[in-house]
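Let me begin by presenting the structure, written as structure tokens, before commenting on it.
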Amino acid sequence: MNRLAGVTSPYLLQHAENPVDWWPWEPEAFEEARRRDVPVLLSVGYSACHWCHVMARESFEDPEAAAYLNAHFVSVKVDREERPDVDAVYMEAVQAATGQGGWPMTVFLTPDAEPFYFGTYFPPEARYGMPSFRQVLEGVHAAWSDRREEVGEVAGRIVGELSSRSLALGGGDGARPPGEEELHAALLALTRDYDTARGGFGGAPKFPPSMVLEFLLRHHARTGSEGALQMASDTCEAMARGGLYDQLGGGFARYSVDRRWVVPHFEKMLYDNALLLRVYAHLWRATGSGLARRVALETADFLLRELRTPEGGFASALDADSEVPGGAEGAGGAGGPGGGHGRHAEGAYYVWTPAQLREVLGEEDARLAAGYFGVTEEGTFEESASVLQLPGEGLTDADRIASIRKRLTEARASRPRPGRDDKVVAAWNGLAIAALAETGAYFDRPDLVEAATAAADLLVRVHMGGTGRLARTSRDGTAGANAGVLEDYADVAEGFLALASVTGEGVWVTFAGLLLDTVLRHFRDEDGALYDTADDGERLIRRPQDPTDEATPSGWSAAAGALLSYAAYTGSAEHRSAAEQALGVVRALAPRVPRHTGWGLAVAEAALDGPREVAVIGPRDDPATAALHRTALLGTAPGTVVAVGEPGAAEPPLLRDRPLVDGRPAAYVCRHFTCDAPVTDPEALAARLGGSSGPRE
């Protein structure tokens, strides 16, 4: 066992028995490199990363490669999900130097942590136009030994270039959120990039555009744009019918390797599923779509069944790879494609051949299932296996389809399961809390609201520890040593505020306020610009700062959204001003790169609309109070903030001085510092919020 044996990250623990003498990211590793006068190999990856596993098997488990590494380098392994700050700084250098990035990320550093040579995956033998890993190691060692001055110059130049990239966008008193013109320009730019035949944006690989979809739904709600709604609806349907969505177990894979959503990269991430769960729930709220309802509930059930931890949080991911059992018939029998005992393959848990269908279902049902799920002899994946899809309407016999699904699901459960990274990441749990709370409220699923509440309790008890500061991760109920970054504070605050709107428990607004006060004190400079790390945290070669939304909302845009909602709950001018300043960067970026500012655009829609503030006052056990509360939650007006409380409630401040109306529960709707007359009728409330007051199927 090497030095990783004592860490908590499941990804690092996968490398604890490597012959490589790995160090975790810590000052002692760089002191050792300085003492030995050798460079540092920084290897960054994550548990569900397919090519990270490949490089580990090919190189880090190879005794000869490990011996060379141990002799000439200090090797540092980083879990990018645990240390997104380290990942961000060096990924920026990799992308600047090579024009691309990805994981595993391989960077060579001086003992002062300055980068001078970069790459991603390197094969054990030279191929694909890439040098072998051994050739890279030998080249770097030679440069370090023979051309040290040149190495130092390269490292100094790179650090200088990175240090000059700090953003002033959005800073200053003159910063303003995007207005009608900028939001319309962003919509037009998205329309030009929209795939009208297959949904989504751009070509292969195609990622689920969850945050852009939220913007489109909010834009439709505010403006009535049918084009925005059509893009959102068609994309959601294409993803749900494709191989990106697990047609048996629910939940979404990370992305599609093709532009038709057929073949996914099979890893399943908590953040993708939390964001998409919220999108499909909001699509149902806007349209009543039966498909959106089914996918939302199946995805919520997937989160509870597959990712929930014993402590009440949600695990980070399921691997793309799983073991392929040997000795199975054809393409792997009911166990999966391929053969070879102990071999791991991407997608082995999920794909099917016609022979496997026959083995489980018999000839007649197998033939029907093959047509329904798009399983062919040629296959859509490796070794003539197929990824399950819903290419058309297929069978109309719901009972028969349910029986087929049940039998296939039971058979799949006997296959070796993908590994699970069970660390709890604060930010991603915040996203899950928001999605589960709202979905539970929409579909009368109190178990989902209870799961959201349990996750929030874990974050307060373990990650916050009674303070306004957050630990980034926990595992087995114990907080990790890594400090939370901006996205942790912002997404957890977002989750707490969504939970408050559903449960009526004002304590969640209080906890959100603690986190957002920390954002204002430690993540924001004097001009209002935001940074990904706190000003009193560990010093890296550059303080990371990125306002663009990628796989998750950027900390910058997520903070803007949480600050905006908190200001609506409390009337805080300071938080409202900070939100508007933060949205200045969206004003600058969105018309040019709307696909990378989706959540920022969604928040800007809320700011432009108000957001509307709804205070529901009435006895908790009164059905009239519940009807008004549900109607408020179903309102589609962008970013609507909902508080519910007993008469005389004082917290959150949105509830203050709101009496009953003629002794009846009432709802007060305010917008842009102006309040309408209170209403007692759910239909009247729905008219003010763009939603529905009645039940939907």
Side-chain angles (χ1 to χ4, degrees), residues 44-46 48-49 79-96 98-105 120 165 167 169-170 186 189-190 193 200-216 235 239 244 252-257 264-265 267-276 278-279 316-317 425-428 430-431 472 485-491 494 530-533 542 544-561 582-583 585-586 588-590 592-604:
V44 182
Y46 58 104
C49 167
D79 181 342
R80 68 173 293 263
E81 297 171 351
E82 200 172 56
R83 291 300 304 262
D85 50 341
V86 172
D87 176 66
V89 167
Y90 293 103
M91 182 59 73
E92 187 174 9
V94 171
Q95 291 173 330
T98 67
Q100 59 185 8
W103 300 276
M105 177 168 62
T120 52
R165 292 186 175 198
L167 292 168
L169 292 170
L190 287 169
D193 204 20
F201 301 89
K206 188 175 278 186
F207 290 80
S210 52
M211 290 153 284
V212 170
L213 295 174
E214 284 284 1
F215 160 62
L216 293 173
T235 298
M239 291 191 300
L244 185 79
F252 290 86
R254 179 69 195 92
Y255 61 85
S256 175
V257 301
H265 184 39
E267 64 191 13
K268 286 183 175 180
M269 310 302 297
L270 172 60
Y271 54 76
D272 283 319
N273 284 281
L275 289 165
L276 288 167
R278 207 175 187 190
V279 166
S316 298
V425 175
W428 307 349
L431 298 175
R472 167 74 174 172
V485 296
L486 179 60
E487 71 163 359
D488 294 305
Y489 286 84
D491 288 335
E494 171 82 13
L530 294 164
Y531 289 84
D532 293 334
T533 55
R542 153 171 159 72
Q545 181 188 44
D546 187 357
T548 58
D549 302 317
E550 299 297 341
T552 58
S554 70
W556 192 309
S557 61
L583 286 172
V585 75
V586 181
L589 293 176
R592 293 184 284 120
V593 286
R595 286 172 59 189
H596 300 282
T597 50
W599 189 248
L601 287 165
V603 175

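Note that the structure is a prediction, hence the values are computed from the model and not measured.
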Could you tell me if the side chain of [Y] sits less than 4.5 Å from the side chain of [X], heavy atoms only?
X	Y	value
Asp532	Pro84	no
Arg254	Pro205	no
Val603	Val586	no
Thr235	Leu213	yes

So, taking the atom named [atom1] in [X] and the one named [atom2] in [Y], what distance separates them when rounded to the nearest 0.5 Å?
X	Y	atom1	atom2	answer
Asp546	Tyr531	CG	OH	13.0 Å
Leu190	Leu601	CG	CG	7.0 Å
Asp87	Glu92	CG	CD	11.0 Å
Trp428	Leu275	CH2	CG	11.0 Å
Glu214	Arg278	CD	CZ	6.0 Å
Leu276	Leu431	CG	CG	11.0 Å

Intermediate values then yes/no, side-chain contact (heavy atoms from CB on, under 4.5 Å), Met269 and Thr552: CA-CA 11 Å; Met269 310 302 297; Thr552 58; over 6 Å; no
Measure across [X] and [Y] and return the closest heavy-atom pair with its distance rounded to 0.1 Å.
X	Y	result
Pro209	Met239	CD-SD, 4.0 Å
Val425	Ser316	CG2-OG, 3.4 Å
Asp488	Ala427	OD1-N, 2.9 Å
Ala186	Ala590	CB-O, 4.1 Å
Gly101	Thr120	C-CG2, 4.1 Å
Ala582	Ala560	CB-CB, 3.9 Å

Using the ring of each side chain (for Trp, its six-membered ring), is Tyr255 parallel, tilted or perpendicular to His265, with breaks at 30° and 60°?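 Rings of Tyr255 and His265: tilted, 30 to 60°.
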Students often mix this up, so state it plainly: with edges at 30° and 60°, are the rings of Tyr46 and Trp103 parallel, tilted or perpendicular?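 Because their plane-to-plane angle is over 60°, the rings of Tyr46 and Trp103 count as perpendicular.
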Is [X] reaching over with its side chain to a backbone N or O of [Y], donor-acceptor style, under 3.5 angstrom?
X	Y	result
Trp599	Ser554	no
Asp491	Gly430	no
Asp549	Gly600	yes
Glu550	His596	no
Arg472	Glu81	yes

Taking atom types as modelled and ignoring hydrogens, do the side chains of Asp85 and Thr533 form a donor-acceptor contact shorter than 3.5 angstrom?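 Looking only at side-chain atoms, Thr533 and Asp85 do not form any donor-acceptor pair under 3.5 Å.
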Before giving the answer on side-chain contact (heavy atoms from CB on, under 4.5 Å), spell out for Leu530 and Leu486 the whole-Å C-alpha distance, their side-chain angles and the decisive distance to 0.1 Å. CA-CA 8 Å; Leu530 294 164; Leu486 179 60; 3.9 Å; yes
Qualifying residues under ring pair (Phe, Tyr, Trp, His ring centres under 6.0 Å), relative to Phe252, sequence neighbours excluded: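 By the ring pair (Phe, Tyr, Trp, His ring centres under 6.0 Å) rule, Phe252 matches Tyr245, Tyr280.
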Tell me, please, which residues at least two apart from Tyr90 pass side-chain hydrogen bond (donor to acceptor under 3.5 Å, both in side chains).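 Result, side-chain hydrogen bond (donor to acceptor under 3.5 Å, both in side chains) vs Tyr90: none returned.
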